[in-house]
Amino acid sequence: SFTQWLGGMGIVVLFVAVLPALGVEAKHLYKVEVPGIKKEGATPRISETASLLWKIYFGFTIAETVLLMAGGMSFFDALNHTFTTLATGGFSPKNASIAHYDNLFIEIVIIVFMILVATNFSLYVAALRGRFRGVRKDTEYHVYLSFILAASVLITISLLIGGTHDSFGKAVRESVFQAVSIMTTTGYVTADFNNWTPFAKVALVAMMFIGGCAGSTGGSMKVARIIVVFKTAIL
């Protein structure tokens with residue numbers, strides 16, 4: 001869990017703080033990772049930006065650990081799940097993953113932090129420096145949240161129509177958690193989605209290929225590249 005946590009922040013610092021400040025070749029790599037969309041918040045002062053990123057990451061770590069303990073987890077479990085939530089690694093000390101706890105509060109906390117860490121960390125840096133306009137207008141972030149919302153709604157409808165779930169509340173609860181978990185490439189589970197409808201399973205696979213935002217701890221293709229593909233196709 002700890003090595004995942006370290007690796008999650010390591011890749012963010014590399015792409016947000018280090019590459020933009022290391023000359024032409026490194027800037028080219030940065031543009032490849034964050035294609036087509038201008039990102040705010042990066043600075044030539046590597047140590048300053050890296051320090052700020054670590055502070056944000058530590059803040060998330062402390063907040064999630066405390067909240068998970070408030071939800072009933074032991075300190076050991078809370079810390080392990082925090083480490084792998086923030087790294088979007090999804091490792092759990094429980095065989096049943098988050099389903100082991102069957103706790104709505106814990107699931108909501110993990111959903112929130114999965115969404116937060118799969119967001120481009122440059123936006124947090126920009127926000128802390130007062131550049132709120134760039135954050136509000138960030139196309140990738142809006143598309144990222146739209147994908148999560150659309151998938152959650154469609155999967156919920158599919159489960160209810162397909163007869164997989166009789167309870168609306170349960171369908172929403174499981175759909176939202178799994179949509180966020182798969183979209184952010186974390187991989188936690190609260191349900192056996194192998195028993196879900198074909199549409200729901202296809203939707204989850206599609207989200208798995210999209211992934212989180214560029215400059216985040218999320219994996220896969222990244223939302224920015226999906227945007228570029230669609231814009232290229234349209235033009």
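Scope of the values below: all heavy atoms of this structure, side chains included, with no hydrogens, waters or symmetry mates.
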Of all residues at least two apart in sequence or in a different chain, which pass the side chain to side chain contact (heavy atoms under 4.5 Å, CB included) check with [X]?
X: Ser220; result: Thr185
X: Ser97; result: Ser92, Tyr188, Val189
X: Phe83; result: Ser1, Phe2, Trp5, Thr61, Leu79
X: His100; result: Lys94, Ala96

Among Leu53, Leu86, Val117, side-chain contact (heavy atoms from CB on, under 4.5 Å) partner for Met9
Leu53
Under the side chain to side chain donor-acceptor pair (under 3.5 Å) test, residues paired with [X] that sit two or more places apart:
X: Thr156; answer: Ser175
X: Thr186; answer: Thr184
X: Thr190; answer: Gln178
X: Thr119; answer: none

In terms of hydrophobic clustering (I, L, V, M, F, W, Y; side-chain heavy atoms under 4.5 Å; direct or indirect links), are [X] and [Y] co-clustered?
X: Met221; Y: Ile182; value: yes
X: Phe91; Y: Val180; value: no
X: Ile227; Y: Ile148; value: yes
X: Val143; Y: Met208; value: yes
X: Leu159; Y: Phe168; value: yes

For Ile62, the other hydrophobic cluster members (4.5 Å side-chain criterion, sorted by chain and number) are Val66
Through direct or indirect side-chain contacts below 4.5 angstrom among Ile, Leu, Val, Met, Phe, Trp and Tyr, which residues connect to Ile161?
Leu149, Val153, Ile157
Return the minimal non-hydrogen interatomic distance between [X] and [Y], and the atom names on each side.
X: Met207; Y: Ala151; answer: SD-CB, 3.0 Å
X: Phe76; Y: Pro93; answer: CE2-CB, 4.3 Å
X: Ser216; Y: Phe121; answer: CA-CD1, 4.1 Å
X: Ser74; Y: Met69; answer: O-CG, 4.3 Å

Between [X] and [Y], is any pair of side-chain heavy atoms under 4.5 Å apart?
X: Leu68; Y: Thr85; value: no
X: Leu116; Y: Tyr124; value: yes
X: Val223; Y: Met183; value: yes
X: Arg129; Y: Leu52; value: yes

Rounded distance (nearest 0.5 Å) linking atom [atom1] of [X] with atom [atom2] of [Y]:
X: Leu67; Y: Met73; atom1: CG; atom2: CE; answer: 11.5 Å
X: Leu160; Y: Ser167; atom1: CG; atom2: OG; answer: 8.5 Å
X: Thr164; Y: Glu174; atom1: OG1; atom2: CD; answer: 10.0 Å

Sequence neighbours excluded and cut-off under 3.5 Å, please list the side-chain donor-acceptor pairs for residues 101-111, or say none.
from	atom 1	to	atom 2	distance (Å)
Tyr101	OH	Asp77	OD2	2.8
Asp102	OD1	Arg173	NH2	3.3
Asn103	OD1	Phe105	N	2.9
Asn103	OD1	Ile106	N	3.0
Asn103	ND2	Gly71	O	2.8
Glu107	OE1	Arg173	NE	2.8
Glu107	OE2	Arg173	NE	3.4
Glu107	OE2	Arg173	NH2	2.9

Given the rule in the side-chain contact (heavy atoms from CB on, under 4.5 Å) test, do Asp138 and Leu123 qualify, once you have shown the distances and angles that lead to the verdict?
CA-CA 8 Å; Asp138 188 77; Leu123 298 182; 3.8 Å; yes
What class does the angle between the rings of Tyr141 and Tyr144 fall in, given that below 30° is parallel, 30 to 60° is tilted and above 60° is perpendicular?
tilted
Test side-chain contact (heavy atoms from CB on, under 4.5 Å) on Phe193 and Ile155 and set out the steps.
CA-CA 11 Å; Phe193 48 79; Ile155 292 174; over 6 Å; no
Please list, one pair per line, the donor and acceptor atoms closer than 3.5 Å that link side chains of residues 194-205 to other protein atoms, with sequence neighbours excluded.
from	atom 1	to	atom 2	distance (Å)
Asn195	ND2	Asp192	OD2	3.1
Thr197	OG1	Ser158	OG	2.4
Thr197	OG1	Ala200	N	3.2
Lys201	NZ	Asn194	O	3.2

I'd like to know if the side chain of Glu140 reaches the main chain of Cys213, judged simply by a donor and an acceptor atom lying under 3.5 Å from each other, with no hydrogens or angles considered.
no
